[in-house]
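Order of the sequence lines sets the chain letters (A, B, ...), proteins ahead of strands, with each chain counted from 1. As the structure is a computational prediction, the values presented were derived from the model and not from experiment.
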Protein chains: 2
Amino acid sequence: MDFSIGDLSRRTGVKVPTIRYYEKEGLLEAPLRSEGNQRRFRSSDLERLGFIKHCRDLGLPMPAIRDLIDLSQHPDKPCETANRIAEDQLKAVRQRIAHLRKLEAELKRIATSCEGDHTVTECNVLKAFGDHGLCLQEH
Amino acid sequence: MDFSIGDLSRRTGVKVPTIRYYEKEGLLEAPLRSEGNQRRFRSSDLERLGFIKHCRDLGLPMPAIRDLIDLSQHPDKPCETANRIAEDQLKAVRQRIAHLRKLEAELKRIATSCEGDHTVTECNVLKAFGDHGLCLQEH
DNA sequence: CTTGAAGCTCTAGTCGCTATAGCAATTAAA
DNA sequence: TTTAATTGCTATAGCGACTAGAGCTTCAAG
């Protein structure tokens with residue numbers, strides 16, 4: 001019951017070079033090898049890689065994922081760290097949303113500041129890109 | 001009326017190595033030099049750098065900024081390109097917001113799935129990070 | 001047994017900076 | 001005028017999280 005790196009890739013949606021990269025970075029344990037030196041993964045590796053994939057999809061940086069993996073190796077530890085990581089990431093995501101909403105407002109203003117068909121000199125879009133003073137808010 | 005690279009940095013908020021980087025990348029023209037080989041910028045460079053800064057703050061990638069600068073050198077061209085860049089960026093920002101809102105929802109669920117004070121084995125946070133099947137939506 | 005897909009390692013490139021090292025020039029104070 | 005502090009110079013390497021390519025070897029199906 002073992003998988004080639006390609007099997008793992010198909011089952012998780014993680015690309016082959018990325019799997020090798022995760023191994024190099026220590027997120028995945030180095031697997032056994034075939035006689036011809038090819039990687040042979042077990043189902044625990046499949047699970048681990050699925051975990052990493054989901055965390056990455058949720059935007060967690062690799063150090064946070066490392067911490068979570070370390071934590072899962074020590075089942076008796078309290079779960080504060082996992083909670084903190086989730087909350088930190090939630091906070092970070094909310095900050096990014098807030099920032100992007102400001103950008104959205106300014107870009108909407110900029111993109112609609114040109115009312116038709118004319119040349120660069122007359123166009124407000126370029127002026128708006130250049131001049132922060134025209135903005136409605138900080139961003 | 002010329003500025004050192006430090007003057008330019010203080011006036012625009014762009015760090016000194018970043019200014020040199022912009023010059024290397026061709027966003028800023030190579031300025032004149034002092035007798036001792038130090039950069040001496042003119043106020044047109046200050047303006048240009050302010051333009052770049054504002055565009056970067058709005059999230060434009062450098063190739064887009066290059067296009068806008070090229071455009072501003074040809075005042076007789078139609079302004080379609082500038083409009084397209086603004087609209088593309090607006091679209092990209094809206095997509096990122098939509099994505100981040102999904103992440104926010106999942107992370108909220110994950111971060112609140114732990115009701116107190118226990119160990120890793122009993123904790124839902126780690127399970128939730130590992131299992132996309134528990135998610136309420138795609139992300 | 002052959003062939004084509006898949007795997008291997010190693011290196012370099014992506015983007016937009018940022019940091020460091022080891023110098024040289026400028027500016028202000030003593 | 002000398003000195004010291006600050007600022008500037010070039011060149012190189014590093015960040016995060018991959019991705020692409022070269023050149024080779026192994027595997028699995030027919």
Side-chain angles (χ1 to χ4, degrees), chain A residues 2-28 30-42 45 48-49 51-69 85 88-89 92-93 96 99 103, chain B residues 2-28 30-42 45 48-49 51-69 85 88-89 92-93 96 99 103:
Chain A
D2 54 8
F3 310 99
S4 73
I5 199 168
D7 293 337
L8 225 63
S9 173
R10 272 182 295 279
R11 280 164 188 264
T12 58
V14 178
K15 289 182 188 151
V16 168
T18 307
I19 297 173
R20 289 196 276 250
Y21 169 72
Y22 288 160
E23 180 188 328
K24 192 157 64 76
E25 293 301 303
L27 294 188
L28 290 173
L32 299 173
R33 300 287 183 126
S34 72
E35 290 194 6
N37 199 36
Q38 300 193 355
R39 289 170 179 80
R40 294 294 172 250
F41 296 93
R42 292 172 302 155
D45 300 312
R48 166 77 64 91
L49 185 56
F51 179 89
I52 296 169
K53 170 76 160 49
H54 194 219
C55 289
R56 289 292 305 128
D57 287 348
L58 288 165
L60 294 197
M62 287 178 53
I65 299 176
R66 228 184 292 269
D67 288 349
L68 288 175
I69 289 173
I85 287 172
D88 285 356
Q89 180 63 10
V93 164
R96 281 200 274 156
H99 183 219
L103 295 194
Chain B
D2 53 10
F3 311 98
S4 73
I5 199 168
D7 293 337
L8 224 65
S9 172
R10 271 182 296 278
R11 281 165 187 262
T12 58
V14 177
K15 288 182 186 152
V16 168
T18 307
I19 297 173
R20 289 197 276 250
Y21 170 71
Y22 287 160
E23 179 188 329
K24 193 156 64 74
E25 293 300 304
L27 294 187
L28 291 173
L32 299 172
R33 299 289 183 126
S34 73
E35 288 194 7
N37 198 37
Q38 298 193 356
R39 289 169 180 81
R40 294 295 172 248
F41 295 92
R42 294 173 298 156
D45 299 313
R48 167 78 64 92
L49 185 56
F51 179 89
I52 297 168
K53 172 78 159 52
H54 193 219
C55 288
R56 289 293 304 129
D57 287 348
L58 288 166
L60 294 197
M62 287 177 57
I65 299 177
R66 229 184 291 269
D67 289 347
L68 289 174
I69 289 173
I85 288 172
D88 286 356
Q89 180 63 9
V93 164
R96 280 201 275 155
H99 184 219
L103 296 193

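- Atom CG of A/Leu32 and atom P of C/dG7 are 17 Å apart (whole Å).
- Whole-Å rounding puts the A/Glu25 CD to D/dG16 P distance at 9 Å.
- Separation of atoms CD1 (A/Ile52) and CG (A/Leu27) is listed at 4.5 Å; rounding is to 0.5 Å.
- Dashed line: the shortest gap from a side-chain N or O of B/Tyr22 to OP1 or OP2 of C/dC17 is under 4.0 Å.
- The side chain of A/Ile5 has C/dG7 as its nearest neighbour among D/dC18, C/dG7, C/dC17.
- Each of A/Leu49, A/Ile5, A/Leu28 was compared with A/Val14 under the side chain to side chain contact (heavy atoms under 4.5 Å, CB included) criterion, and only A/Leu49 meets it.
- To the nearest angstrom, C1' of D/dG8 lies 13 Å from CD of B/Glu23.
- Going from atom CD1 of A/Ile19 over to atom C1' of D/dC18 covers 13 Å, rounded to whole Å.
- Position along DNA chain C of the nearest nucleotide to B/Met62 versus B/Glu35 favours B/Met62 as the more 5'-ward residue.
- Side-chain nitrogen and oxygen atoms of B/Arg39 include none within less than 4.0 Å of the OP1 or OP2 phosphate oxygen of D/dG8.
- Rounded to whole Å, the distance from NZ on A/Lys15 to C1' on D/dG21 is 15 Å.
- The residue among B/Pro63 and B/Gly36 whose nearest nucleotide of DNA chain C is located toward the 5' end is B/Pro63.
- Here B/Ser4 reaches the OP1 or OP2 of D/dG8: one of its side-chain N or O atoms lies under 4.0 Å away.
- To the nearest angstrom, C1' of D/dA17 lies 14 Å from CG of A/Leu60.
- For C/dT26, one of the phosphate oxygens OP1 or OP2 lies less than 4.0 angstrom from a side-chain nitrogen or oxygen of B/Ser34.
- Looking at every heavy atom in both residues, A/Phe3 comes nearest to A/Arg42 through CE1-C, 3.8 Å.
- The pair A/Asp57-A/Lys53 meets the salt-bridge criterion, with a side-chain N (NZ, NE, NH1 or NH2) lying under 4.0 Å from an Asp/Glu carboxylate O.
- Nearest-nucleotide assignment on DNA chain D puts the 5′-proximal partner with B/Phe41, out of A/Gln38 and B/Phe41.
- Within the nucleic acid shown, A/Arg20 comes within 4.0 Å of at least one base atom, counting heavy atoms only.
- Within the 4.0 Å cut-off from OP1 or OP2 of D/dC18, at least one side-chain nitrogen or oxygen of A/Arg56 is found.
- Among the heavy atoms of the strands lying under 4.0 Å from A/Arg33 are primed sugar atoms or P, OP1, OP2 only; no base atom is included.
- Set against D/dC18, D/dC9, C/dG16, the side chain of B/Asn37 has D/dC9 as its closest nucleotide.
- Scanning both residues, B/Gln89 and B/Leu58, for their nearest heavy atoms gives NE2-O, 3.1 Å.
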